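In this text, all values refer to a predicted model and were calculated from it rather than measured experimentally. A note on names: the letters A, B, ... follow the listed sequences, proteins ahead of strands, and every chain is numbered from 1.
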Amino acid sequence: MPELPEVEVTRLSFAERIADARILAVRMGKPLRWPLGAEPTALLGLTVMAVRRRGKYLLVDLSKGWLLLIHLGMSGSLSFAVELPPAGVHDHFELFTTHGTLRLHDPRRFGAVVLTEGESSDMAEKLLGRLGVEPLGDGFGIGEFHAGLKRRNVSVKQVLLAGDVVVGVGNIYASEALFLAGIRPTTKASRISLARAAKLRAAIRDVLARAVTRGGSTLRDFSSADGQTGYFQLDAMVYGRAGEPCRQCFNPIRQLRQGQRSTFYCGVCQT
DNA sequence: AAAAGCCCCTGGATGC
DNA sequence: TGCATCCAGGGGCTTT
């Protein structure tokens, strides 16, 4: 589910409401991808200062220098409300605060909640340290992006997914951005010209920003922390459209596998 | 060092 | 209806 747009939409949907809340209690369900990394009781009494995002991670800044990292994995979503329905079997983390309850719902449990002593802790460094540049920020320069592609000997789509050149682009938006840029997903990253890299950079920024505006993509069950579903899937040019006509040239959209992930593209519009 | 595969887990869709 | 198989928005770890 959650690529950069879904994570950002989630952040926007509760960051202000949870600010200044004091943590009253914590409940943990089944194990997630990683252990919490500290005693849950360390959370009690702390105040939520802010909620930031880095790539597909949410960074919840807490008082006393603590940092709560939340990753939604493939099937995770957050809810935040004064009153939530009774917790179900797939609700694996709950933070009860003076402003409401923050709950992580994650059937597949590829998600994670990690409590660390700040962004420079070993754990935070391990999880965030190798992340590439933020695509919607000022640091996403054409020259650096082109150089990042240049030095990779795999397909451009796999470089986008890897997240060490640019973060936040997952399987949906990689296919979409490559379509918008007119680039075949199988093209070797090292063979992308500066002009095409510039086009791809613009396409990534465009598609991610528009997806945020549309509330993200709800393929199955994504919703933001206030329960809103996303609508970007309705705007998708290629993702999930194998066999359907290209919205630009009407030739059938093709599907292939790259690194155990499905890729969708138009064989005519993308070269 | 970089790339390719494997694996974590649950549930829905599809096929026999 | 029942059961097997495949697939899914991610990404760290191990093996080549």
Rounded distance (Å) that lies between atom [atom2] of [N] and atom [atom1] of [X]:
| X | N | atom1 | atom2 | answer |
| --- | --- | --- | --- | --- |
| A/Gln258 | B/dG5 | CD | P | 12 Å |
| A/Asp91 | B/dT10 | CG | P | 15 Å |
| A/Leu32 | B/dT10 | CG | P | 12 Å |
| A/Leu219 | B/dG11 | CG | P | 18 Å |
| A/Asp221 | B/dC9 | CG | P | 19 Å |
| A/Leu127 | C/dG11 | CG | C1' | 11 Å |
| A/Asp164 | C/dC13 | CG | C1' | 15 Å |
| A/Leu4 | C/dG10 | CG | C1' | 14 Å |

Classify the angle between the aromatic ring planes of A/Phe80 and A/Phe14 as parallel (below 30°), tilted (30 to 60°) or perpendicular (above 60°).
tilted

If you define the side chain from C-beta out and look only at heavy atoms, does anything of [X] sit under 4.5 Å from [Y]?
| X | Y | value |
| --- | --- | --- |
| A/Leu59 | A/Leu69 | yes |
| A/Leu24 | A/Leu44 | no |
| A/Ile70 | A/Leu102 | yes |

Choose from [options] the nucleotide whose nearest atom is closest to any side-chain atom of [X].
| X | options | value |
| --- | --- | --- |
| A/Lys126 | B/dA4, C/dG10, C/dC13 | C/dC13 |
| A/Ser262 | B/dC6, C/dG11, C/dC7 | C/dC7 |
| A/Gln158 | C/dG10, B/dA4, C/dA8 | B/dA4 |
| A/Trp34 | C/dG12, B/dG11, B/dA3 | C/dG12 |
| A/Val154 | B/dC8, B/dA4, C/dA8 | B/dA4 |
| A/Arg152 | B/dA3, C/dA8, B/dT10 | B/dA3 |
| A/His90 | B/dG5, B/dG11, C/dG10 | B/dG11 |

Sugar-phosphate, base or nothing in reach of [X], heavy atoms under 4.0 Å:
| X | value |
| --- | --- |
| A/Asp106 | nothing |
| A/Tyr57 | sugar-phosphate |
| A/Arg130 | nothing |

request  = Using distance alone, with no hydrogens and no angle criterion, decide if A/Glu94 and A/Thr101 have a side-chain donor and acceptor under 3.5 Å apart.
outcome  = no

Option passing salt bridge (Lys or Arg N to Asp or Glu O under 4.0 Å) with A/Glu119 (candidates A/Arg52, A/Lys126, A/Arg54):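 For A/Glu119, the salt bridge (Lys or Arg N to Asp or Glu O under 4.0 Å) check succeeds only for A/Arg52.
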
Nearest-angstrom distance, [atom1] atom, [N] to [M]:
| N | M | atom1 | answer |
| --- | --- | --- | --- |
| B/dA1 | C/dG11 | P | 22 Å |
| B/dC6 | C/dC6 | P | 14 Å |
| B/dG5 | C/dC7 | P | 16 Å |

query: Which atoms form the tightest heavy-atom contact between A/Tyr239 and A/Glu176, and what is the distance?
result: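 Result for this residue pair: N-OE2, 2.8 Å.
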
Scanning all shown strands, the Watson-Crick or wobble mate of B/dG15 with both distances under 3.5 Å is C/dC3

Is A/Arg261 near enough to B/dG5 that one of its side-chain N or O atoms lies under 4.0 angstrom from OP1 or OP2?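 So the side chain of A/Arg261 is outside the cut-off, no N or O lying under 4.0 Å from OP1 or OP2 of B/dG5.
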
message: Can you tell me if A/Arg109 touches the phosphate of B/dT10, counting only side-chain N or O atoms and a distance under 4.0 Å to OP1 or OP2?
response: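 The answer is yes; a side-chain N or O of A/Arg109 sits under 4.0 Å from OP1 or OP2.
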
Do A/Arg108 and C/dA8 have a side chain to base donor-acceptor pair shorter than 3.5 Å?
yes

Let me know, please, whether A/Asn153 or A/Pro107 comes out on the 5' side of the other along DNA chain B by nearest nucleotide.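 Looking at DNA chain B, the more 5' nearest nucleotide goes with A/Asn153.
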
Margin query: Looking at B/dC9 and A/Phe110: do their rings stack (centroid distance under 5.5 Å, interplanar angle under 30°)?
Written below: no

